[in-house]
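Since this is a predicted model, take the numbers as computed values, not measurements.
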Amino acid sequence: MITATGLRKAYGDHTVLDGIDLDVPAGSVFALLGPNGAGKTTAVQILTTLKSADAGEIRVGGHDPATEPDAVRAAIGVTGQFSAVDALLTGRENLLLMADLHHLGRRAGRRRADELLVQFDLVDAAGKQVAAYSGGMKRRLDIAMGLVGDPRIVFLDEPTTGLDPRSRQAMWQTVRSLVAGGVTIFLTTQYLEEADQLADKIAVLDGGRIVAEGTAEQLKQLVPGGHVTLRFAEVQALRLAATALDVTEVDADQLTLDVPGDGSVRSLRALFATLDDARVEVDSLTVHTPDLDDVFLALTEKEPAS
């Protein structure tokens, strides 16, 4: 649904996007991660026709944003980092305004506004000025406004910035519902848990380049550090386990032992087989695997790009 090959963008001597490739299948969630200044918003602006690329082949919904901007705009909805709602209008009036911009007609516009008010749980607040809305309500209305034209592709640029955990969870459910209805989501975010929860595919952008790409689980496997913490009831069992597993560092005070491993069923079976052969009883265990925070820190620069 979205493809880009060799996408480049520079401002003077500063290269923002240095030949990146993107491939987003229809009906999926694609997350673009990266530190501040990595080029995430610039990529979204190019894909949504707001800026032109210096080089590269791009297709959004089968159309070239440079030569067919109107066709691209007809296929997409966009929610930027900052809410675009009019605080002086009511929620319904904001939606009707968007319906007018999409030339839906009076009756069709009202019907679409009513559908979206129900979908985004804003019926009770439909007649209230948006200035009185909570942050989560404003964000839901903002996304609803981007859906008035019934787009096949939705770009969400940092959609949950500033939201509390409950509102963020509600937004995630909204995204899942959109995808279940066949919508393709292009998501940029700095909340790594958000990408982990939602994305079918993740790309990490740093220094203008894609430095890693894959599913959340595939990315986590790029980072070492997975281990299993074993806890024992007595020091003797701890010492025997350390010898059997060839581990030199133990925590005698806590009676724990960290064994390198990815936490897979296969590795756990091998671990317990070794302990059984040594006739060592384990009191409890905890599996520790790298998360996307570890991936992000390992793959991106220590200092954000300017």
Side-chain angles (χ1 to χ4, degrees), residues 1-10 16-34 38-81 84 95 98-105 108-109 112 115-116 119 142-159 174-189 195 198-205 208-210 212-215 218:
M1 190 60 76
I2 301 171
T3 61
T5 305
L7 179 57
R8 295 180 181 276
K9 183 66 177 180
V16 180
L17 299 173
D18 191 9
I20 69 171
D21 299 334
L22 301 170
D23 185 6
V24 183
S28 67
V29 179
F30 178 90
L32 187 62
L33 305 182
K40 303 186 299 298
T41 296
T42 298
V44 169
Q45 290 173 331
I46 291 172
L47 295 173
T48 58
T49 77
L50 297 177
K51 288 185 178 179
S52 60
D54 294 335
E57 296 183 4
I58 309 168
R59 292 292 183 275
V60 178
H63 304 284
D64 186 337
T67 60
E68 305 170 275
D70 289 343
V72 171
R73 291 166 189 161
I76 66 174
V78 182
T79 299
Q81 291 185 35
L95 291 170
M98 289 301 297
D100 288 342
L101 293 174
H102 281 278
H103 307 290
L104 292 187
R112 185 60 177 151
E115 290 171 353
L116 291 168
Q119 181 178 350
D142 200 20
I143 292 180
M145 290 172 65
L147 297 177
V148 168
D150 199 21
R152 294 177 293 152
I153 307 166
V154 175
F155 290 85
L156 301 177
D157 193 10
E158 310 277 0
T174 297
V175 172
R176 295 186 183 105
S177 298
L178 292 173
V179 175
V183 175
T184 302
I185 302 290
F186 189 104
L187 170 72
T188 71
T189 181
L198 298 176
D200 300 295
K201 189 176 181 181
I202 299 169
V204 181
L205 182 65
R209 298 182 178 183
I210 301 293
E213 188 172 4
T215 66
Q218 288 171 338

Pairing of Asp54 and Arg8 as salt bridge, 4.0 angstrom limit | no
So do Leu17 and Leu205 actually touch side chain to side chain, heavy atoms under 4.5 Å?
-> yes
Here the gap from Ile2 atom CD1 to Ile153 atom CD1, rounded to the nearest 0.5 Å, amounts to 5.0 Å
Determine, step by step, whether Leu101 and Val148 satisfy the side chain to side chain contact (heavy atoms under 4.5 Å, CB included) criterion, reporting the C-alpha distance in whole Å, the side-chain angles of both residues, the deciding distance to 0.1 Å, and the verdict.
-> CA-CA 10 Å; Leu101 293 174; Val148 168; over 6 Å; no
Can you sort out the partners of Asp157 under side chain to side chain contact (heavy atoms under 4.5 Å, CB included), two or more places apart, ordered by chain and number?
-> Thr41, Gln81, Thr188
Mind listing the closest non-hydrogen atom pair of Ala31 and Ala199 along with its distance?
-> CB-CB, 3.6 Å
Looking only at heavy atoms, what is the nearest atom pair of Phe30 and Leu22, with distance?
-> CZ-CD2, 3.8 Å
Are Thr48 and Phe186 side-chain neighbours, meaning at least one heavy-atom pair lies under 4.5 Å?
-> no
Checking Val72, Val24, Thr49 against Val60 for side chain to side chain contact (heavy atoms under 4.5 Å, CB included), the one that qualifies is Val72
What's the shortest heavy-atom distance between Lys40 and Gly34, and which atoms?
-> NZ-O, 2.9 Å
With a 4.5 Å limit on heavy-atom distance, are the side chains of Lys201 and Thr215 in contact?
-> no
Are the side chains of Phe155 and Gln45 in touch, meaning some heavy atoms are under 4.5 Å apart?
-> no
Roughly how far, to the nearest 0.5 Å, is the CG atom of Asp18 from the CZ atom of Arg209?
-> 4.5 Å
Sub-4.5 Å side-chain heavy-atom contact between Gln119 and Leu178 | yes
Test side chain to side chain contact (heavy atoms under 4.5 Å, CB included) on Ile210 and Asp21 and set out the steps.
-> CA-CA 8 Å; Ile210 301 293; Asp21 299 334; over 6 Å; no
Are the side chain of Asp64 and the backbone of Arg59 linked by a donor-acceptor contact shorter than 3.5 Å?
-> no
Would you indicate whether the side-chain heavy atoms of Asp150 and Arg112 approach each other to under 4.5 Å?
-> yes
Could you tell me whether the side chain of Asp200 and the main chain of Val29 form a donor-acceptor pair under 3.5 Å?
-> yes
Residues Lys9 and Ser52: closest non-hydrogen pair is NZ-O, 2.9 Å
Checking side chain to side chain contact (heavy atoms under 4.5 Å, CB included) against Val154, which of Ile76, Leu147, Val78 comes through?
-> Leu147
State which residue, out of Leu198, Ile202, Leu33, Leu32, fulfils the side chain to side chain contact (heavy atoms under 4.5 Å, CB included) condition with Thr189.
-> Leu33
Looking at Gly61 and Arg152, what are the two nearest heavy atoms and their distance?
-> O-NH2, 3.6 Å
Close side-chain approach of Pro69 and His63, heavy atoms under 4.5 Å | no
How far apart are the closest heavy atoms of Ile46 and Ala53, and which atoms are they?
-> CG2-CB, 3.9 Å
